[in-house]
Amino acid sequence: SVIPQDQALFDQLSAVTQELSTLTFRGAGGLSSEAYHQRLDTLAQDRERLEGALASRSAALRRAVTPITIKNVRQALPPDAVLVEWMRYRPFNSTVKRETRWGGFRYAAYILERTGEPVAIDLGEAQPIEDLIAEFRTALGDPMNTYIKDLAHELATKLIQPLHLHLAQDQRLLLSPDGALNLMPFAALVDD
């Protein structure tokens, strides 16, 4: 059961998180740019303070709210491994009209090793990749399909080949897919 002091902290954290989320997505509204950014900063600081207070009261919560940092992820990587994380995202352009600020969905890959700077690689529009994944998955279920290797090679060309410049031959890959990539068996891909 939750003790009253913890419940009060949870309620405050929920309220701050809700306001921060609403303000972030709604935009400045009637606030000046300076007031808007100041309010965002204040809410972020309040959220961090409340999470810290809750975390200090509970080891389980402390683990849950501990921020994930590049440093922590690097330390968790085995010495011979590299993390490849694919992400499905929509680019945002704040300099254009409100209706057209969000672009179409795309995929990007991020490569993280134990040392050096993370590498980001744009892989292109999401829809052609997702269409190819759907076709590949259908082909995997059809033993009569003669194009399976071609599809596997095309997917590897789109998803793996752009990463080759940043990967060593002897590295073990830790894969973290997103979107439709979660539905695809990477081991079935065919590259050069």
Would you say the side chain of [Y] lies within less than 4.5 Å of the side chain of [X], judging by non-hydrogen atoms?
{"X": "I148", "Y": "F136", "answer": "yes"}
{"X": "P162", "Y": "D122", "answer": "no"}
{"X": "L181", "Y": "M184", "answer": "yes"}
{"X": "V82", "Y": "L77", "answer": "no"}
{"X": "E113", "Y": "H166", "answer": "no"}
{"X": "Q38", "Y": "D41", "answer": "no"}
{"X": "R39", "Y": "T42", "answer": "yes"}

ILVMFWY network linking [X] to [Y], side-chain heavy atoms under 4.5 angstrom:
{"X": "I121", "Y": "L132", "result": "yes"}
{"X": "L155", "Y": "L175", "result": "yes"}
{"X": "L167", "Y": "L83", "result": "no"}
{"X": "V73", "Y": "Y110", "result": "no"}

- Task: Answer yes or no: is there an ion pair linking D178 with R88, defined by an N-O contact shorter than 4.0 Å?
- Result: no
Give me the atom names and distance for the closest heavy-atom approach of [X] to [Y].
{"X": "L189", "Y": "A156", "answer": "CB-CB, 4.1 Å"}
{"X": "G104", "Y": "P91", "answer": "O-CD, 3.2 Å"}
{"X": "A180", "Y": "I133", "answer": "O-CG2, 3.9 Å"}
{"X": "A188", "Y": "A152", "answer": "O-CB, 3.5 Å"}
{"X": "I70", "Y": "P118", "answer": "CD1-CG, 3.9 Å"}

Under 3.5 Å: donor-acceptor pair, side chain of [X], backbone of [Y]:
{"X": "Q171", "Y": "A168", "value": "yes"}
{"X": "R90", "Y": "G103", "value": "yes"}
{"X": "T17", "Y": "L13", "value": "yes"}
{"X": "R137", "Y": "L183", "value": "yes"}

- For side-chain contact (heavy atoms from CB on, under 4.5 Å), just list the numbers for I111 and L163, CA-CA rounded to whole Å, side-chain angles, deciding distance to a tenth of an Å, and then say yes or no. CA-CA 8 Å; I111 299 172; L163 315 179; 4.0 Å; yes
- Message: Aromatic contact between F186 and W86, with the criterion being ring centroids under 6.0 Å apart: yes or no?
- Response: yes
- Message: For a side-chain contact (heavy atoms from CB on, under 4.5 Å) check, start with the C-alpha distance between V84 and S176, then their side-chain angles and the critical distance, and finish with the verdict.
- Response: CA-CA 6 Å; V84 179; S176 176; over 6 Å; no
- Item | Separation between OG1 of T138 and CG of N145, rounded to the nearest 0.5 Å |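 One gets 9.0 Å once the value is rounded to the nearest 0.5 Å.
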- Item | Rounded distance (nearest 0.5 Å) linking atom CD1 of I160 with atom NE2 of H153 | 11.5 Å
- Task: Check each of K158, E130, E125 against Y107 using the side chain to side chain donor-acceptor pair (under 3.5 Å) test, and report the only one that passes.
- Result: E130
With a sphere of 6.0 Å drawn around [atom1] of [X], does it hold more than 12 non-hydrogen atoms of other residues, nucleotides or ligands?
{"X": "Y89", "atom1": "OH", "result": "yes"}
{"X": "Q127", "atom1": "CD", "result": "yes"}
{"X": "Q75", "atom1": "CD", "result": "yes"}

- Query: Should F105 and I129 be marked as a side-chain contact (heavy atoms from CB on, under 4.5 Å) after you check the CA-CA gap, both sets of side-chain angles, and the distance that decides it?
  - Reply: CA-CA 11 Å; F105 283 99; I129 292 171; over 6 Å; no
- Ignoring hydrogens and angles, state whether a donor on the side chain of T69 or N72 is under 3.5 Å from an acceptor on the partner side chain.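 There is such a pair between these side chains.
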- Item | Derivation of the side-chain contact (heavy atoms from CB on, under 4.5 Å) call for M87 and R106 | CA-CA 8 Å; M87 187 178 88; R106 302 182 69 79; over 6 Å; no
